[in-house]
**Student:** 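Right, I'll just put the structure down here and ask away after.
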Amino acid sequence: MGGYGDIQMIDENGLRMDGRTATQVRPITIETGVIPVADGSCRMTWGTNDVVVAIYGPMEAHPRKIQRQDRAVLDVRYNMAPFSTSDRIRPGFNRRSREISKVTADALESVVLLELYPRSKIRVEIEVLCAEAGTRCVGLTAASVALADAGIPMTDLVVSVASGKVNDVVVCDLNKEEDNYGEADLPMGVLPNSGELVFLQMDGDLSPEEFQTAWDYNVQAASEIHKIMVEALRKGGVN
Amino acid sequence: MSIPMVSKLLRAHLSELATNDQRIDGRGRWDGRDISLEIDVLDRAEGSAKVTMGDTIVYAGVKFQLMTPYPDRPNEGGLMCGAEVRPVAGRNWEAGPPSAESIELGRVVDRGIRESGCIDVNSLCIIPGEKAWQVILDLFAISDDGNLFDAFGLAAIAALKTAIVPCEKFEVGEDYPLNVSKTPIMCSYHKVGNRFVYDANAQEELGGDERIHITLGDDNHVHSLQKGLKGIFSADEFAEIMERAKIKSSELRKLVDSVLGD
């Protein structure tokens, strides 16, 4: 959130630097079954973001102290590969990836039917191979597709998308420049069938009206993205 | 990495197959799995490659950093090579600090590339004693079905050969392709059922014994060797796989050349 208004990111026709309209989402592709040794997997490209997710389990939860008598635990790890950004990232956990892992787990735990697998563990491994902006949204969305690919029962998929504000205009799905120099960012995780939310973060500065617009953009984009997710799962043989 | 239980049945099965000169997935003793090499697959890396060998899938990405040359080598830049096998790559790989296995992987690949002299470290110097390039090669596995060593080795050399030195980003002149003058290739042999085979899959690794990694340069010069895991081998056995490595590495070198188009 630079908040510097001197960079012109919306032209006189209301188009953005990459030619998109305010509500247009970057191109998305989803492919399931990309990691042969995993129980379920998914690769999602979203703009130039490239994220793979592997699911392992349900499996025995160990050490035993992490076991829950009445449900499975979700072990979610979000990580950025060292070559995924402009400046190399030193390998290893950091505060940012730890927080994103946690909020992603919190979101997925709200939809996975964990009580069907007492004392077990389901591992969700999110790896960002190439980052543009909005990797936490890509990770969460792709993780829900990978869980479905693994045949793990869920009440719904999770579609995550962010809207924000650049040059005082609310736009959906920020790209790298918009994320760096924009004035606000509102990522959400929407359940497409009920419209309910399982993930919400925000930083920056939005008026009540702008906030409502950003919210509405996210809900609208989520329903478009949901169609791509369902199509990818059908193509991969999951109904 | 957590070492899974090795079933006696698996070891017995592999031995029996070996006595009939067969392998668990039907391959011949010196046959590799289907292999594919893609380059320029990662947008944020200055050079990149993806290798698929059967169900083993790995990436290599090259990044550059400016460094101050070491006082005893003021005219040299640096090369750093590290392998990360995160839990995404298989159920036995665990989170946490790098395991001994992944450190070994990175170091063996590093030696093959470094000792072949394919990268002229003097050419990485910008201002002697003050500024030089550090080439950072990160190896990253997303699916481990055995023989990560060869997959990493192949991805590594291909990624280096596609790398562009990002001078403009660091404001030290114009971008230029990294000069990689040779093509070191690693070939790995695992003792399975009491005889060596090429390109073991995960089951063969699990139910096998020692492994030997050989990195050969363009003129069949040897640049790195590594014996890993418990096991005893004879000079004759080694001589046999060395001859096989010469044949296989020249095949793989042709693959690299054809993908890179030179």
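In what follows, every chain begins at residue 1, and chains take the letters A, B, ... in the order their sequences are listed. The analysis underlying the following values was restricted to heavy atoms, covering all of them including side chains, and did not include hydrogens, waters or symmetry mates.
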**Student:** With a 4.5 angstrom heavy-atom cut-off, could you sort out which part of Val34(A) is near chain B: side chain, backbone, both or neither?
**Tutor:**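 Answer is backbone: N, CA, C or O of Val34(A) sit under 4.5 Å from chain B.
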
**Student:** Show the nearest heavy-atom pair for residues Val37(A) and Ala89(B), with the distance to one decimal.
**Tutor:**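 Nearest heavy atoms, Val37(A) then Ala89(B): CG2-O, 3.3 Å.
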
**Student:** Restricting to side chain to side chain donor-acceptor pair (under 3.5 Å), what partner residues turn up for Glu127(A), sequence neighbours left out?
**Tutor:**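 Listed in chain order: Asn79(A), Arg86(B).
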
**Student:** So for Ala81(A), is it side chain, backbone, both, or neither that comes closer than 4.5 Å to the heavy atoms of chain B?
**Tutor:**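 For Ala81(A), backbone and side chain are both near chain B.
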
**Student:** With rounding to the nearest 0.5 Å, note down the distance linking CG in Leu129(A) to CG in Leu42(B).
**Tutor:**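 Nearest 0.5 Å value for the CG-CG distance: 6.5 Å.
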
**Student:** Surrounding CZ of Arg107(B) (heavy atoms of other residues, nucleotides or ligands, distance under 6.0 Å), is the total greater than 12?
**Tutor:**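 Open.
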
**Student:** Hey, which of Ile126(A), Thr85(A), Val53(A), Asp75(A) has the most heavy atom pairs under 4.5 Å with chain B?
**Tutor:**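 So the answer, after comparing Ile126(A), Thr85(A), Val53(A), Asp75(A), is Thr85(A).
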
**Student:** Heavy-atom distance under 4.5 Å between the side chains of Arg77(A) and Val88(B), does that happen here?
**Tutor:**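 Arg77(A) does not reach Val88(B) side chain to side chain.
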
**Student:** Which residues, numbered in order, of residues 140-147 of chain B come under 4.5 angstrom of chain A by heavy-atom distance?
**Tutor:**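 Near chain A, by residue number: Phe140(B), Ile142(B), Ser143(B), Asp144(B), Asp145(B).
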
**Student:** Distance check, rounded to the nearest 0.5 Å: Ser86(A) atom OG versus Lys63(B) atom NZ?
**Tutor:**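 That separation rounds to 5.5 Å.
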
**Student:** Report, as yes or no, whether the 6.0 Å neighbourhood of atom CZ on Arg96(A) holds more than 12 heavy atoms from other residues, nucleotides or ligands.
**Tutor:**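 Count over threshold, so yes.
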
**Student:** Can you list everything that forms a side chain to side chain donor-acceptor pair (under 3.5 Å) with Ser123(B)? Sequence neighbours excluded, please.
**Tutor:**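 Result, side chain to side chain donor-acceptor pair (under 3.5 Å) vs Ser123(B): none returned.
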
**Student:** Within a reach of under 6.0 Å around CD of Glu168(B), are more than 12 heavy atoms found that belong to other residues, nucleotides or ligands?
**Tutor:**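 For Glu168(B), atom CD is crowded (more than 12 foreign heavy atoms under 6.0 Å).
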
**Student:** What residues of residues 59-74 of chain A sit under 4.5 Å from chain B when you count only heavy atoms?
**Tutor:**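 Those residues of residues 59-74 of chain A which have a heavy atom under 4.5 Å from chain B are Met59(A).
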
**Student:** Counting C-beta onward and ignoring hydrogens, is there a side-chain heavy-atom pair between Asp87(A) and Lys169(B) closer than 4.5 Å?
**Tutor:**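 The answer is yes; the side chains approach within 4.5 Å.
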
**Student:** Indicate the atoms forming the closest heavy-atom contact of Ser84(A) with Arg44(B), along with that distance.
**Tutor:**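 Looking at all heavy atoms of both residues, the shortest contact is O-CG, 3.1 Å.
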
**Student:** Hey, what do you get for CZ (Arg123(A)) to CD (Glu94(B)), rounding to the nearest 0.5 Å?
**Tutor:**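 Going from CZ on Arg123(A) over to CD on Glu94(B), the span is 8.0 Å.
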
**Student:** Please say whether more than 12 non-hydrogen atoms of neighbouring residues, nucleotides or ligands are located less than 6.0 Å from CZ in Arg26(A).
**Tutor:**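 Correct, the count exceeds 12.
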
**Student:** Within a reach of under 6.0 Å around CD of Glu174(B), are more than 12 heavy atoms found that belong to other residues, nucleotides or ligands?
**Tutor:**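 Open: at most 12 neighbouring heavy atoms sit under 6.0 Å from CD of Glu174(B).
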
**Student:** Hey, which of Ala54(A), Pro82(A), Gly92(A) has the most heavy atom pairs under 4.5 Å with chain B?
**Tutor:**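 Of the options given, most contacts go to Pro82(A).
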
**Student:** Between Ala202(B) and chain A, with a heavy-atom cut-off of 4.5 Å, which part of the residue counts as in contact: side chain, backbone, both or neither?
**Tutor:**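 Contact with chain A involves no heavy atom of Ala202(B) at all.
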
**Student:** So which of Ala131(A), Gly57(A), Ser41(A) has the biggest tally of heavy-atom pairs under 4.5 Å with chain B?
**Tutor:**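 When all of Ala131(A), Gly57(A), Ser41(A) are compared, Ala131(A) has the most.
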
**Student:** Do Glu132(A) and Asp43(B) have side chains that get closer than 4.5 Å, going by heavy atoms?
**Tutor:**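 No. Closest side-chain heavy atoms not under 4.5 Å.
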
